[in-house]
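I have placed the structure first, in the form of structure tokens, so that the comments after it can refer back to it.
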Amino acid sequence: MPMRIDIISAIPELLRSPLSHSIMQRAQDKGLVEINIINLREYGLGPHRQIDDYQYGGGAGMVMMIEPLFKCIDALKAEREYEHIIYMTPDGDLLNQALSNRLSISGNIMILCGHYKGIDDRLREHVITMEVSIGEYVLSGGELAAAVLVDSVARLIPGVLNDSTSALFDSFQDDLIAPPVYTRPEEFNGWSVPKILLSGHDKNILDWRSEQSLERTMKRKNDLKGD
Ligand code: SAM
């Protein structure tokens, strides 16, 4: 059974393109992941399919109502089991490679994209099982954040990348930054590719890449300390 990712969104169009090209589309075509976008409006209230309302206590900005979201989540849960019900939110756990690795080998996940001032907090208290932020800044909606999360997770699902070892050498696996990469031509504008990479000597190339990787990692650590 492929991993299933259900994304609840009030603006599904924002998600379609990022998840239907390149590696994301290939992952779905290969049957390794099933990505399903649910239009929250279908669960909206009344003839206008209302999904938001004024905040109790007053204040600027609308809040996503509990009922449409609860009904939608409940309908999905009736179909299958989910290991995580994730709410994308700026104050959630900061997304990193370790979390993406963990989610890539998890069971089905449901992702909830917020809008306006966010969702009625009772959902966070009683229904949401994980909260994820893609950075300490505020986006206008959760769709772009959800697309980032899904991309980082889906590419790690075994079989998605053509060369399964490729992801192992990406930055942040083993806490290391990836070494520099080059392709043709050997010389451009007087700038040359490091000679070692053209030597054909696998062991020396491997050693050089490890050194570069360590150097970049140390430099980044020092740069971060200086901030
Ligand atoms: N009032 C909220 C706050 O101050 O934390 C911000 C709401 S934001 C305008 C609307 C929605 O965008 C959020 O509910 C969330 O789903 C999404 N969002 C915004 N920034 C995000 C981030 N950095 N990471 C993940 N989701 C984010």
Side-chain angles (χ1 to χ4, degrees), residues 3-20 24 33 35-45 48-77 82-104 106 108-157 170-172 224 227:
M3 177 183 184
R4 168 109 174 185
I5 303 178
D6 284 327
I7 313 173
I8 302 173
S9 162
I11 313 180
E13 291 69 30
L14 285 175
L15 282 160
R16 291 203 206 287
S17 177
L19 301 177
S20 57
M24 287 306 101
V33 62
I35 302 173
N36 185 35
I37 305 169
I38 299 102
N39 188 347
L40 180 64
R41 287 271 167 209
E42 287 170 18
Y43 296 85
L45 306 184
H48 299 298
R49 301 270 177 214
Q50 187 182 351
I51 56 167
D52 60 313
D53 211 336
Y54 296 103
Q55 319 188 28
Y56 277 124
M62 306 295 272
V63 174
M64 290 181 86
M65 301 166 83
I66 194 164
E67 279 170 275
L69 283 166
F70 191 85
K71 271 200 290 177
C72 180
I73 292 169
D74 232 26
L76 291 171
K77 275 170 44 179
Y82 292 88
E83 192 158 328
H84 302 287
I85 301 179
I86 301 172
Y87 174 45
M88 303 309 303
T89 178
D91 60 344
D93 293 337
L94 215 50
L95 177 62
N96 59 20
Q97 195 66 21
L99 179 56
S100 300
N101 281 332
R102 194 145 61 81
L103 290 175
S104 73
S106 84
N108 301 326
I109 60 178
M110 196 191 295
I111 303 175
L112 175 49
C113 305
H115 273 276
Y116 320 112
K117 295 302 281 181
I119 61 174
D120 187 307
D121 218 74
R122 287 168 289 186
L123 276 170
R124 297 179 71 171
E125 205 180 320
H126 300 290
V127 180
I128 300 297
T129 63
M130 183 186 277
E131 299 190 326
V132 178
S133 164
I134 64 158
E136 293 179 347
Y137 44 80
V138 176
L139 302 165
S140 30
E143 284 77 5
L144 297 181
V148 168
L149 175 65
V150 172
D151 186 306
S152 76
V153 169
R155 67 192 297 283
L156 295 171
I157 294 172
D170 282 334
S171 294
F172 308 116
L224 287 176
D227 282 347

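Remember, it's 1-based here, ligands and their atoms both numbered in the order they're listed. Heavy-atom basis, side chains included; hydrogens, waters and symmetry copies ignored. We count residues from 1, following the sequence as given.
Asp121 places no side-chain N or O within 3.5 Å of a backbone atom of Arg124 that could act as its donor or acceptor partner. In this structure, the side chain of Ser133 engages the main chain of Pro90 through a donor-acceptor pair within 3.5 Å.
Taking all atoms of both residues into account, the shortest heavy-atom contact from Leu112 to Tyr87 is O-CD1, 3.6 Å. Considering every non-hydrogen atom in both His115 and Ser140, the closest pair reads ND1-O, 3.6 Å.
Listed by chain and residue number, Asp6 satisfy the side-chain hydrogen bond (donor to acceptor under 3.5 Å, both in side chains) test with Asn36 (two or more places apart in sequence, or in another chain).
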I'd like a table of donor-acceptor pairs (distance under 3.5 Å, sequence neighbours excluded) in which one partner is a side-chain atom from residues 50-69, with atom names and distances.
from: Gln50; atom 1: NE2; to: Asp52; atom 2: O; distance (Å): 2.8
from: Gln55; atom 1: NE2; to: Ala60; atom 2: O; distance (Å): 2.9
from: Gln55; atom 1: NE2; to: Gly61; atom 2: O; distance (Å): 3.4

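Scanning the protein for heavy atoms near atom 12 (O) of ligand 1, the closest one is Gly141 C, 3.2 Å. Counting protein heavy atoms only, atom 24 (N) of ligand 1 is closest to Ile134 N, 3.1 Å. Of all protein heavy atoms, the one closest to atom 8 (S) of ligand 1 is Leu139 O, 3.3 Å. With respect to atom 10 (C) of ligand 1, the closest heavy atom belonging to the protein is Tyr116 O, 3.4 Å. In terms of protein heavy atoms, atom 4 (O) of ligand 1 is closest to Val138 CG2, 4.7 Å. In this structure, the protein non-hydrogen atom closest to atom 15 (C) of ligand 1 is Met88 O, 3.0 Å.
Only the side chain of Tyr87 comes within 4.0 Å of ligand 1, judged by heavy-atom distances. Looking at Ala145 against ligand 1, only its side chain comes within 4.0 Å, counting heavy atoms. Here Ile119 has no heavy atoms under 4.0 Å from ligand 1, in either its backbone or its side chain. Residue-level proximity to ligand 1 for Thr89 is carried by the backbone, the only part with a heavy atom below 4.0 angstrom.
Against a heavy-atom cut-off of under 4.0 Å, Ser133 is close to the following atoms of ligand 1: 23 (N), 24 (N), 25 (C). Of all the atoms in ligand 1, the ones that sit under 4.0 Å from a non-hydrogen atom of Gly114 are 11 (C), 12 (O), 14 (O), 16 (O). Listed by number with element, the atoms of ligand 1 under 4.0 Å from a non-hydrogen atom of Lys117 are 1 (N), 2 (C), 7 (C).
A heavy-atom separation below 4.0 Å is found between Val132 and ligand 1. Asp91 does not count as a contact of ligand 1, since none of its heavy atoms falls under 4.0 Å from the ligand.
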**Message:** Would Ile35 and Leu15 count as a side-chain contact (heavy atoms from CB on, under 4.5 Å) here? Give the steps.
**Reply:** CA-CA 10 Å; Ile35 302 173; Leu15 282 160; over 6 Å; no
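Of the listed residues (Pro90, Gly118, Gly135), the one carrying the non-hydrogen atom nearest atom 21 (C) of ligand 1 is Pro90.
For ligand 1, the polar-atom distance check finds no N/O of Cys113 at less than 3.5 Å from any of the ligand's N/O atoms. An N or O contact shorter than 3.5 Å links Tyr137 to ligand 1 by distance.
Counted within 6.0 Å of CZ on Phe70, heavy atoms from surrounding residues, nucleotides or ligands total 12 or fewer; the atom is thus considered open. Heavy-atom neighbours of Glu13 CD from other residues, nucleotides or ligands within 6.0 Å: above the threshold of 12.
Neither side chain, Glu131 nor Thr89, offers a donor N or O lying under 3.5 Å from an acceptor on the other.
One distance of note links OH of Tyr82 with OG1 of Thr129; it measures 12.0 Å at 0.5 Å rounding.
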